[in-house]
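Here is the structure we will look at, set down as structure tokens.
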2 protein chains.
Amino acid sequence: MPKETFFNLPSDKRNLIISAAMEEFSKANYNSASINRICKRSNIPKGSFYQYFEDKMDLYVYIMNLAIQEKIMFFSAAITDFQSLTLSEQIRLLFSKGVEFAKKHPQYAALGEQFSKENDEAARSAVIKEGNRQSEALFEQMIKNAKEKGEIDSRVDDLALNLLLQSLNSAVNKFMSEKYGNAGYEFVKEDVNNFVDSILSIIFNGIQRKVGQGGYHEQKN
Amino acid sequence: MPKETFFNLPSDKRNLIISAAMEEFSKANYNSASINRICKRSNIPKGSFYQYFEDKMDLYVYIMNLAIQEKIMFFSAAITDFQSLTLSEQIRLLFSKGVEFAKKHPQYAALGEQFSKENDEAARSAVIKEGNRQSEALFEQMIKNAKEKGEIDSRVDDLALNLLLQSLNSAVNKFMSEKYGNAGYEFVKEDVNNFVDSILSIIFNGIQRKVGQGGYHEQKN
DNA sequence: TGACAATATGACCACCCGGTCATATAATAA
DNA sequence: TTATTATATGACCGGGTGGTCATATTGTCA
């Protein structure tokens with residue numbers, strides 16, 4: 001954690017340092033990120049930096065945890081009454097909220113993206129040890145509930161479906177960034193929904209052509 | 001491209017340099033990778049390195065292209081008579097061949113993994129400009145063919161399915177590395193096949209419980 | 001043998017890194 | 001006022017970086 005001196009700073013100065021650090025850590029991995037650049041960008045001398053933080057790792061963990069906290073807050077606000085939804089609605093909600101989060105907080109989203117690429121094992125584990133990663137268990141719980149409710153065929157493999165959903169989540173984000181680039185996330189909400197629906201159709205109904213049966217979407221129930 | 005001097009080297013020495021460079025570039029991104037370490041590991045003086053290569057980028061592009069070439073060769077050998085297969089068989093083949101490739105050439109696979117994380121835009125574009133990325137168009141073509149043959153419901157969205165398959169590919173690899181770690185890829189072939197089958201079942205049949213119908217796997221045709 | 005070109009080599013360059021520390025300044029309490 | 005404590009600051013440290021270059025060594029023809 002940052003030293004007390006850092007938290008005694010006037011909030012303007014503190015926030016400037018934070019945003020300079022986020023800028024740096026969202027564009028370079030732990031090794032490549034530069035304390036010197038962060039100092040220059042936030043107009044603080046090198047010596048002052050080390051009055052505020054123990055070392056580079058201290059800042060890195062602090063910044064990543066800010067992003068994690070923000071994401072958790074965003075999702076827990078979006079997920080009230082989650083239990084009462086069907087699995088389809090839950091997945092749809094998660095996917096679209098994920099995209100919404102990236103649009104509303106591109107900086108935080110970029111930090112998460114960068115963290116997922118992190119090679120430095122010390123940096124990875126320092127962040128993971130701090131931040132509770134409750135998010136990872138989310139899909140697991142969803143699948144379990146849905147099976148109990150009989151929404152999912154019991155023969156579907158849990159682990160397979162879990163990894164499937166995880167990778168789909170990243171596919172949705174990839175789709176958005178491929179289509180709209182990093183330029184401001186000025187996408188049309190409808191577009192996102194359509195794409196999410198397409199993915200969901202595939203997951204729920206399969207891609208196989210059903211012969212001698214109703215149409216594609218009439219498959220449900 | 002490396003200078004002529006490099007290709008005039010005795011193949012032992014040349015291969016030692018190549019493998020030292022692969023070791024380095026598979027464990028660190030472009031910025032963090034170190035020419036000095038590569039020199040030490042392959043027992044060549046710094047000065048000699050610059051007799052062989054123009055600069056760091058020259059080596060990087062050369063090494064990445066070796067990995068790309070190898071992967072293309074591996075897959076084109078595995079994919080003869082690809083057209084005659086059904087989509088299901090094609091996907092199954094691709095997934096299991098992907099895992100097989102990672103097992104047979106962990107170094108090349110690690111290089112690809114590292115490249116997908118690369119932040120440096122100059123490094124990315126230098127590699128992409130050189131290597132023809134025909135692999136990306138593969139799923140696209142498969143989907144088109146399968147729709148023409150009527151294997152896939154025509155209402156399935158092409159782009160959605162394409163991204164779905166791409167991310168599934170990485171899910172399969174993720175599954176393998178989670179279950180067996182990087183420790184030599186000593187997995188059981190049967191295990192891979194079971195996992196791939198689980199994923200395929202989901203894609204083809206959907207996860208939704210079908211009421212008043214036959215069993216899960218009897219869905220096909 | 002001698003002459004010329006190709007190759008090998010490591011000291012060296014300017015620059016950047018994370019981190020330290022002695023000192024200067026400001027704030028606080030007596 | 002003075003004494004004490006908290007903060008600010010930038011020169012400095014050892015070490016690593018990609019890249020250069022003068023010089024030494026080797027290979028190749030005549």
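Remember, predicted model here, so these are calculated numbers, not experimental data. Proteins get letters first, then strands, A, B, ... in listed order; numbering begins at 1 in each.
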*Within 45° of the six-membered ring axis of A:Tyr30 and under 6.0 Å from that ring's centre, is NZ or CZ of A:Lys56 located there?*
yes

*Near DNA chain C, under 4.0 Å by heavy atom, which residues of residues 30-58 of chain B?*
B:Pro45, B:Gly47, B:Ser48, B:Gln51, B:Tyr52

*Let me know the distance between CG of A:Leu9 and C1' of C:dA26, rounded to the nearest Å.*
14 Å

*Any salt bridge between A:Glu118 and A:Arg124, counting N to O under 4.0 Å?*
no

*Let me know the distance between CG of B:Leu59 and P of D:dG18, rounded to the nearest Å.*
11 Å

*Just checking, any donor-acceptor pair under 3.5 angstrom between side chains of B:Lys46 and B:Asn36?*
yes

_As a test of your reading of the structure, name each stem of DNA chain C as range with range, where a stem is three or more consecutive Watson-Crick or G-U pairs at under 3.5 Å._
C:1-30 with D:1-30

*Is A:Glu100 salt-bridged to A:Lys97, cutoff N-O under 4.0 Å?*
yes

*Answer yes if the side chains of B:Gln83 and B:Asn145 hold a donor-acceptor pair under 3.5 Å, and no otherwise.*
yes

*Could you check how far OH of A:Tyr60 sits from P of C:dG19, rounded to whole Å?*
15 Å

*Would you call A:Glu140 and A:Lys144 a salt bridge, taking side-chain N to carboxylate O under 4.0 Å as the test?*
no

*Take the protein atom CD1 of A:Ile17 and the nucleotide atom C1' of D:dT9, then report the distance between them rounded to whole Å.*
14 Å

*Any side-chain N or O of B:Asn8 less than 4.0 Å from the OP1 or OP2 oxygen of C:dT7?*
yes

*Spacing of B:Phe7 atom CZ relative to C:dT7 atom P, expressed in whole Å*: 13 Å

*Is a side-chain donor-acceptor pair under 3.5 Å present for A:Thr86 with A:Glu89?*
yes

*Using 4.0 Å as the upper bound for N to carboxylate O, is an ion pair formed by B:Asp158 and B:Lys147?*
yes

*Atom CG of A:Asp120 to atom C1' of C:dC17: distance rounded to whole Å?*
15 Å

